[in-house]
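What follows is a single structure, written as structure tokens, with notes after it.
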Amino acid sequence: RHLIETADLERSWVENEIFPLCDRMRSEPEIEPVMRGRALYCLFYEPSFLTRTSFERAAGLLGGEAHHTEDAAQFFPVHTLSYIDNIINILGSLKIDLVVLRAGDDEVVARAASADAMPVVNGGSSSDHPTQALADLYSIQRELGQIDGSTVAVIGRLEHRNVNALLKGLAMFDDVRAIMVPFSGQVADDVVQYCTDRGLKLETPKEIDAVSEADAIYLN
């Protein structure tokens with residue numbers, strides 16, 4: 001019902017449902033309006049260009065309506081977690097069918113889902129970004145033909161939520177190698193542990209030339 005953490009994703013669902021659906025939507029001239037009569041709300045406590053625009057455009061392509069608040073902190077306090085329950089319930093009473101929530105606190109997204117007034121999608125929290133991971137995994141799959149056995153170089157801000165999400169997503173697949181080249185920060189210890197426990201090979205070479213071994217480069 002909700003999409004809160006990249007770790008919640010299941011490989012079978014991603015490969016057997018999401019990827020084929022993406023391929024079909026890219027190739028078919030008309031998209032089935034499965035959101036006709038439904039409304040999406042982007043509740044963003046942090047400004048966004050690509051994420052919010054992507055969701056709004058997707059809602060439109062699927063025949064639905066999209067609404068947003070880009071700087072929700074001006075209107076809806078979030079420092080007390082119980083407020084988010086009220087906000088989600090108010091949106092539900094206004095016949096909103098789906099909320100995409102971006103907030104700098106992971107607890108806020110989880111609390112919004114627990115209100116259970118409607119499906120909640122994490123549009124970017126402090127440490128995770130599951131829909132970004134899905135988009136990145138789909139791009140790798142589409143360009144390389146498969147994710148299993150690939151080597152992905154991750155360059156840039158390694159402490160960022162996008163990187164956390166990508167690595168957790170790659171950990172769903174087999175025999176994947178990630179070459180880490182930091183411009184700033186390091187991957188959080190808990191993310192490293194999660195990924196290595198699931199077989200993802202994480203390497204931090206001393207020379208940037210190591211990225212020449214990569215099948216794909218993720219520049220964050």
Between Arg26 and Tyr138, is the side chain to side chain contact (heavy atoms under 4.5 Å, CB included) condition met? List the steps.
CA-CA 12 Å; Arg26 290 176 68 99; Tyr138 175 67; 2.9 Å; yes

Any non-hydrogen side-chain atom of Met118 less than 4.5 Å from a side-chain atom of Val99?
yes

For Thr6 against Gly169, the heavy-atom pair lying closest together:
CG2-N, 3.7 Å

Evaluation steps, side chain to side chain contact (heavy atoms under 4.5 Å, CB included), between Cys42 and His67:
CA-CA 6 Å; Cys42 291; His67 310 272; over 6 Å; no

Rounded to the nearest 0.5 Å, what's the gap from CD1 on Ile147 to CG on Asp174? Could you check?
11.0 Å

Please step through side chain to side chain contact (heavy atoms under 4.5 Å, CB included) for the pair Leu62 and Met25, ending with a clear verdict.
CA-CA 10 Å; Leu62 296 172; Met25 291 176 69; 3.8 Å; yes

Any salt bridge linking Asp148 with Arg11? Criterion: basic side-chain nitrogen under 4.0 Å from a carboxylate oxygen.
yes

Other residues, nucleotides and ligands only: do more than 12 of their heavy atoms fall within 6.0 Å of CG on Asp197?
yes

Compare every heavy atom of Ala165 with every heavy atom of Ala133, then report the nearest pair and how far apart it is.
CB-O, 3.5 Å

What about Val108 and Leu98, same hydrophobic cluster or not, with Ile/Leu/Val/Met/Phe/Trp/Tyr joined at side-chain heavy-atom distances under 4.5 Å?
no

Quick one, Cys195 and Val191 - any side-chain contact, counting heavy atoms below 4.5 Å?
yes

Arg38 bridged to Glu65 by N-O distance under 4.0 Å
no

Any side-chain heavy atom of Leu166 sitting closer than 4.5 Å to one from Tyr218?
yes

Does atom CZ (Arg36) have a neighbourhood of more than 12 heavy atoms from anything else shown, all under 6.0 Å?
no

Counting only N and O atoms by type, is there a donor-acceptor contact under 3.5 Å from the side chain of Asn164 to the main-chain atoms of Val187?
no

What are the two closest non-hydrogen atoms of Pro182 and Thr204, and how far apart are they?
CD-CG2, 4.3 Å

Check whether more than 12 heavy atoms from other residues, nucleotides or ligands sit under 6.0 Å from atom CD of Glu28, and answer yes or no.
yes

Applying side-chain contact (heavy atoms from CB on, under 4.5 Å) between Asn122 and each of Thr131, Val109, Asp106, report the one that passes.
Val109

Residue pair Leu144 / Ser150: nearest heavy atoms and the distance that separates them:
CD1-CB, 4.0 Å

Measure the CZ-CD distance between Phe49 and Glu70 for me, rounded to the nearest 0.5 Å.
10.5 Å

Which heavy-atom pair separates Ala112 from Ile84 by the least distance, and what is that distance?
CB-CG1, 3.8 Å

What distance separates Glu10 CD from Glu15 CD, expressed to the nearest 0.5 Å?
12.5 Å

So Arg142 and Asp23, do their side chains get closer than 4.5 Å, heavy atoms only?
yes

Is Glu32 atom CD crowded by more than 12 heavy atoms from other residues, nucleotides or ligands, each under 6.0 Å away?
no

Is there a path of hydrophobic side-chain contacts, each under 4.5 Å between heavy atoms, that joins Tyr45 and Ile4?
yes

Close side-chain approach of Thr69 and Phe44, heavy atoms under 4.5 Å
no

Mind checking the CD-OG spacing from Glu159 to Ser127? Nearest 0.5 Å is all I need.
12.5 Å

Consider only side-chain heavy atoms of I, L, V, M, F, W and Y, link residues closer than 4.5 Å, and tell whether Leu50 and Leu101 are in one cluster.
no

Just so I know, are the side chains of Tyr41 and Val100 near enough to count as touching, which here means a heavy-atom distance under 4.5 Å?
no

Just so I know, are the side chains of Val163 and Met180 near enough to count as touching, which here means a heavy-atom distance under 4.5 Å?
yes

Is any side-chain heavy atom of His2 closer than 4.5 Å to one of Asp8?
no

When you measure from the side chain of Asp97 to the backbone of Ala39, do you find a donor-acceptor pair of N or O atoms at a distance under 3.5 Å?
yes

Would you say Leu170 ends up clustered with Met172 if hydrophobic residues are merged whenever their side chains have heavy atoms under 4.5 Å apart, either directly or through other cluster members?
yes

Roughly how far, to the nearest 0.5 Å, is the CG atom of Asn220 from the CZ atom of Arg161?
10.0 Å

On a heavy-atom basis, the closest approach of Asp215 and Gly149 is OD2-O, 4.4 Å

Within one Ile-Leu-Val-Met-Phe-Trp-Tyr cluster: Leu158 and Val181, side-chain cutoff 4.5 Å
no

Judged by modelled atom types alone, do Gln132 and Asp136 share a side-chain donor-acceptor pair under 3.5 Å?
yes

For Glu5 and Lys168, what are the C-alpha separation, side-chain angles and deciding distance, and is it a salt bridge (charged side-chain N to carboxylate O under 4.0 Å, His left out)?
CA-CA 9 Å; Glu5 298 180 0; Lys168 288 181 179 180; 5.8 Å; no

Taking atom CG of Leu200 and atom CG of Leu202, what is their separation to the nearest 0.5 Å?
4.5 Å

Step by step, would you call Gln193 with Asp190 a side chain to side chain contact (heavy atoms under 4.5 Å, CB included)?
CA-CA 5 Å; Gln193 189 67 54; Asp190 63 316; 5.6 Å; no

